[in-house]
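Working notes, structure below.
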Amino acid sequence: MVDLAIIIPTFNERENIRPLLASLDAVLGDLEYEVIFVDDDSTDGTAALIRELSLTNLRVRVLQRIGRRGLASACVEGMLSTAAPCIAVMDADLQHDESILPEMLAKLCSEPLDLVVATRNAAGGSMGEFSALRIRLSDIGKRLSNGICHCSLSDPMSGFFILDRRFLEEVVHLLSGIGFKILLDLVASSRRPVRIAEVPYRFRERVHGESKLDTLVGIEYLQLLLDKKFGDFAPPQFFLFSMVGGAGALVHLSVLFVLLKLDQQSFLVSQTIATYIAMTMNFFLNNMVTYRDRRLRGAAALIWGLLSFYLACSIGAFINIRVANFIWNGGVSWYLAGAVGVVVSSVWNYAVTAMLTWRRARRNLTARPRPAPLPTGSDLSSAR
């Protein structure tokens, strides 16, 4: 019987696999455990290496996901693939201190807890060599998370924790699976206060590979917060789509003012140019932010996407005008009629572009780069 399953999401972490397995073996000793890597179709041969290692290390297996991306959803798939009563989640980059896993497991098994979190923010813990800006952003994320959590967490941004399988089964159908913050997703999905304990640790520096965090991770975090707060009323992507639309409206008015007042163009010419500049900006912003998980890439895809976006939004503008005019003719105030028109066209634009412009298409697997060659395997037994 397996006492503990360790779920490790990966993307291009090939160089970290062997040292990570060796470290886990050193600290977990004779404990019955398994390590489940969930790989988002790495291009460096990560999944192939893990499969090779699993031939001599029966504790190891890999789930290779094709056409799906995201740390949170990878963790959920990994957790559901095991029957272990206790499930740990940690990163593959060696920044999480595996030596505290026995303490975390002992605490989960000896106390009435749902979750034990490794924290960088309690006494004895540390952010390591984080920059002041990253620490500040982490603090902001912590404050924002307070509005959706059902418990007190000193480190809601942590990606290192152990949970009881019964708690997973209680919340799994309510999970959003968005972005990188699976811990916050689990806690915010509970309909009751979550019983949590924390164990401090010092966050280590990455040795191999590159960080997967970028400036758009914050957008995914905002998307998760929106889903937990307002997901019963509208999908979080709609709020992001509307925010981009609001930015586009400001660009539209700015361009219209410049062309009409400063460049002395006619209103028709100014309005037309401003409209297409705003729509173009909206398309690229939505492609980068709102639909990051199905982003269009390559010239052909971008041209098709932009044209379909123009078409959908042009029809949306026509619907806006007709609906607003109909309501205004019915005796409703101009501002209310205008607002209704905007809402109706926004819903139209969101629904149509989601289906037409950013529809989920089959991936072109022939265009993928070939993974790096694997070693011959004479030293694979060292990973046991």
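The shortest non-hydrogen separation linking Gly248 to Asn282 is CA-OD1, 3.2 Å. Shortest non-hydrogen contact noted between Ser99 and Pro102 is O-CD, 3.4 Å. When every heavy atom of Phe241 is checked against every heavy atom of Ser346, the shortest pair comes out as CE2-O, 4.1 Å. Residues Ala118 and Ser158 approach most closely at O-OG, 2.8 Å, considering heavy atoms. Residues Lys107 and Ala197 share a closest heavy-atom pair of CD-CB, 3.4 Å. Between Glu77 and Leu63, the shortest heavy-atom distance links the atoms O-CD1, 4.0 Å.
Looking at heavy atoms from C-beta onward, Ile6 lies in side-chain contact with Leu101 at the 4.5 angstrom threshold. At a threshold of 4.5 Å between non-hydrogen side-chain atoms, the residues Ile315 and Val352 do not count as touching. Inter-residue side-chain proximity for Phe161 and Ile182 is flagged as met; some heavy-atom pair is nearer than 4.5 Å. At least one side-chain heavy atom of Arg65 sits less than 4.5 Å from a side-chain heavy atom of Ser73. Side-chain contact check for Phe37 versus Glu13: every heavy-atom pair is 4.5 Å or farther apart.
The CZ atom of Arg165 lies 6.0 Å from the OG1 atom of Thr82; values are rounded to the nearest 0.5 Å. Once rounded to the nearest 0.5 Å, the distance linking CZ of Arg295 with CG of Asn287 reads 7.0 Å.
Linking ILVMFWY residues whenever their side-chain heavy atoms come closer than 4.5 Å, directly or via other members, places Val172 and Val194 in the same cluster. No continuous path of ILVMFWY side-chain contacts below 4.5 Å connects Ile36 to Val2, so the two sit in separate hydrophobic clusters. Cluster membership check: Met90 shares its hydrophobic cluster with Val27, using side-chain heavy-atom separations under 4.5 Å among Ile, Leu, Val, Met, Phe, Trp and Tyr.
The pair Asp164-Arg195 does not meet the salt-bridge criterion, since no charged nitrogen lies less than 4.0 angstrom from a carboxylate oxygen. By the 4.0 Å N-to-carboxylate-O rule, Asp97 lies close enough to Arg204 to be salt-bridged with it.
Within a 6.0 Å radius of OH in Tyr276, other residues, nucleotides and ligands contribute 12 heavy atoms or fewer.
Using cut-offs of 30° and 60° for the angle between ring planes, the Tyr350 and Tyr291 rings count as parallel.
In this structure, a donor-acceptor pair under 3.5 Å is present between the side chains of Ser308 and Thr357.
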